[in-house]
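Heavy atoms only: backbone and side chains are in, while hydrogens, waters and symmetry mates are out. In what follows, every chain begins at residue 1, and chains take the letters A, B, ... in the order their sequences are listed.
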2 protein chains.
Amino acid sequence: MQAFFNGRYVKKDEEVIRLEDRGLTFADGLFEVLRTASGRPLFFQEHLERMIESSIELGIDFPYAIEEVRAFAEKLIEKNGLDEGELYIELTRGCDINREHRFPPKGTPPTFFMLAIPLRKIDPNNWKEGAKVVTYEDMRHKLCIHKTLNLLPNILAKNHAYAHRGYEALMFRRSPLGKYITEGGSSSYFCVSNGRLLTPEIDNILPGITRSKIINIAKEKGYKIEERRILLDEVLVADEVFLVSTVSKLMPIRQIDNRVFRAPGETTLVLMKLYEEVFQKEINS
Amino acid sequence: MQAFFNGRYVKKDEEVIRLEDRGLTFADGLFEVLRTASGRPLFFQEHLERMIESSIELGIDFPYAIEEVRAFAEKLIEKNGLDEGELYIELTRGCDINREHRFPPKGTPPTFFMLAIPLRKIDPNNWKEGAKVVTYEDMRHKLCIHKTLNLLPNILAKNHAYAHRGYEALMFRRSPLGKYITEGGSSSYFCVSNGRLLTPEIDNILPGITRSKIINIAKEKGYKIEERRILLDEVLVADEVFLVSTVSKLMPIRQIDNRVFRAPGETTLVLMKLYEEVFQKEINS
């Protein structure tokens with residue numbers, strides 16, 4: 001297996017990173033995960049635009065034009081003989097010599113690399129019968145609108161879920177009105193409640209690529225959508241709940257902690273089918 | 001210059017880290033910064049104990065006994081010909097093959113490395129006349145009791161301070177009573193107010209090594225100490241304010257945003273002298 005690293009193809013397990021890389025010492029960088037199919041990364045433009053916008057806001061130089069990245073990525077996927085898989089992209093602020101918080105001098109080359117790896121194994125019953133998820137405190141920072149490398153709280157949340165035989169952790173923050181659910185450890189979520197679709201507004205959460213596709217699809221189909229803070233208590237009495245992410249696509253939830261849902265629900269099934277159409281269209285585009 | 005990496009000495013700028021290291025892809029790890037003098041890392045036991053306690057809590061294997069680390073560190077400092085300097089230690093959860101949030105299998109070797117670098121240059125007037133600092137929102141996660149690699153909010157805070165010709169950022173969170181100051185971007189702080197010393201309690205802040213030394217010194221000297229949440233408004237009307245950290249030692253503050261303090265204040269000077277004694281004693285121990 002190969003990887004793309006700063007303009008060249010290297011062995012995926014090759015030692016190419018210096019101890020002085022700010023990605024390693026400060027988590028000073030961004031990442032994206034894209035789904036690949038038929039040898040191509042899907043929804044490429046959207047993922048790259050999000051990454052570039054965040055890199056501008058954080059002051060990290062983005063080293064390539066979008067179309068250059070696409071060409072590098074497609075060649076990498078080809079080299080690795082991947083069809084269904086994942087493309088991981090990371091950008092860091094590069095190396096500094098003495099590990100100082102201070103941004104390194106202008107012109108310091110950033111670190112840019114891509115991994116093209118097989119699609120992670122997910123029990124297909126999760127889509128047929130719904131996934132079990134658990135709740136966990138959202139302990140993250142206030143930069144969640146960016147897809148940053150600061151992932152330790154997500155790791156703890158998801159590993160808590162795995163330890164309880166769950167597929168994902170729904171993370172909550174607290175408000176005077178009670179706990180509200182922000183996101184999954186690596187996914188967004190929607191509730192179906194009295195025929196309406198509810199999903200959190202972009203209030204220190206990630207503007208998910210799949211999330212925005214689902215919103216568009218649902219609007220076209222005539223569903224009423226509310227983007228707002230959603231209390232855990234509301235989630236627990238919803239008619240249907242589902243996860244969305246690049247890798248999970250649209251996945252029904254059959255259990256949140258001890259509360260069991262009929263899954264997949266009617267609306268979830270409609271949206272799963274519609275998203276699959278968008279997904280296939282993207283593959284064939 | 002050399003570095004210590006997983007049991008061997010390597011060139012400091014050598015490429016030894018894989019793209020699959022979870023320190024690089026998930027910021028899944030811990031670090032320490034120690035002051036060195038006369039070729040030795042200072043307050044070694046305290047720094048290492050803090051790191052090991054956090055590694056146990058986060059479930060990351062710590063690969064050496066404390067005394068082994070000390071021997072490796074002293075040899076590294078000697079190899080680099082350092083007298084006054086900094087020892088940086090980092091521990092990550094090691095590599096996984098496919099970048100999954102899931103902890104890698106038990107027995108996966110962690111990544112452990114140390115850098116021994118020259119002491120960063122700090123204007124000596126900061127100690128004589130006090131440092132200028134600015135306030136900035138504390139956007140960090142809820143794992144601040146651990147010295148994690150999730151440092152992007154600290155980087156943004158400190159670079160905001162540098163951009164405003166400040167030495168440090170005092171980070172604030174919000175409460176119904178108003179903004180309260182948690183920590184500096186890489187330091188703790190104390191206020192002197194009506195003869196008492198105030199410093200934040202360990203409420204999602206780092207239990208700083210220098211912070212705890214100062215508390216002990218001040219208690220022995222008979223000062224009354226309050227560890228509690230401190231509002232920005234209280235800080236701004238304090239008689240004296242000072243920073244403490246491994247590298248800054250005890251540093252008076254002469255300006256916070258637009259508010260100017262007489263610096264160094266009387267109590268600050270007393271404590272600076274006492275801490276310097278503890279520091280010299282540690283060097284000669």
Would you mind checking which part of A:Phe26 comes under 4.5 Å of any heavy atom in chain B, side chain (CB onward), backbone (N, CA, C, O), both or neither? both
What do you reckon, is CD1 of B:Ile97 surrounded by more than 12 foreign heavy atoms closer than 6.0 Å? no
Side chain / backbone / both / neither for B:Leu152 at chain A, heavy atoms under 4.5 Å: both
Side chain / backbone / both / neither for B:Phe103 at chain A, heavy atoms under 4.5 Å: both
Structural part of A:Leu156 lying under 4.5 Å from a heavy atom of chain B: side chain
So which donor and acceptor atoms of chain A and chain B come within less than 3.5 Å of each other?
unit_1, atom_1, unit_2, atom_2, d
A:Lys12, NZ, B:Glu20, OE2, 2.5
A:Lys12, NZ, B:Ile97, O, 2.7
A:Val16, N, B:Ile17, O, 3.1
A:Ile17, N, B:Ile17, O, 2.9
A:Ile17, O, B:Val16, N, 3.1
A:Ile17, O, B:Ile17, N, 2.9
A:Glu20, OE2, B:Lys12, NZ, 2.5
A:Phe26, O, B:Leu151, N, 3.4
A:Ile97, O, B:Lys12, NZ, 2.7
A:His101, O, B:Asn159, ND2, 2.9
A:Phe103, N, B:Asn159, OD1, 2.9
A:Glu137, OE2, B:Lys142, NZ, 2.8
A:Met139, O, B:Lys142, N, 2.7
A:Lys142, N, B:Met139, O, 2.7
A:Lys142, NZ, B:Glu137, OE2, 2.8
A:Asn150, OD1, B:Leu152, N, 3.3
A:Leu151, N, B:Phe26, O, 3.4
A:Leu152, N, B:Asn150, OD1, 3.3
A:Asn159, OD1, B:Phe103, N, 2.9
A:Asn159, ND2, B:His101, O, 2.9

What do you reckon, is CD1 of B:Ile202 surrounded by more than 12 foreign heavy atoms closer than 6.0 Å? yes
Applying a strict 4.5 Å limit to non-hydrogen atoms, the region of A:Leu149 in contact with chain B is both
What one should report as the nearest heavy-atom pair of B:Ala27 and A:Leu151 is CB-N, 4.4 Å
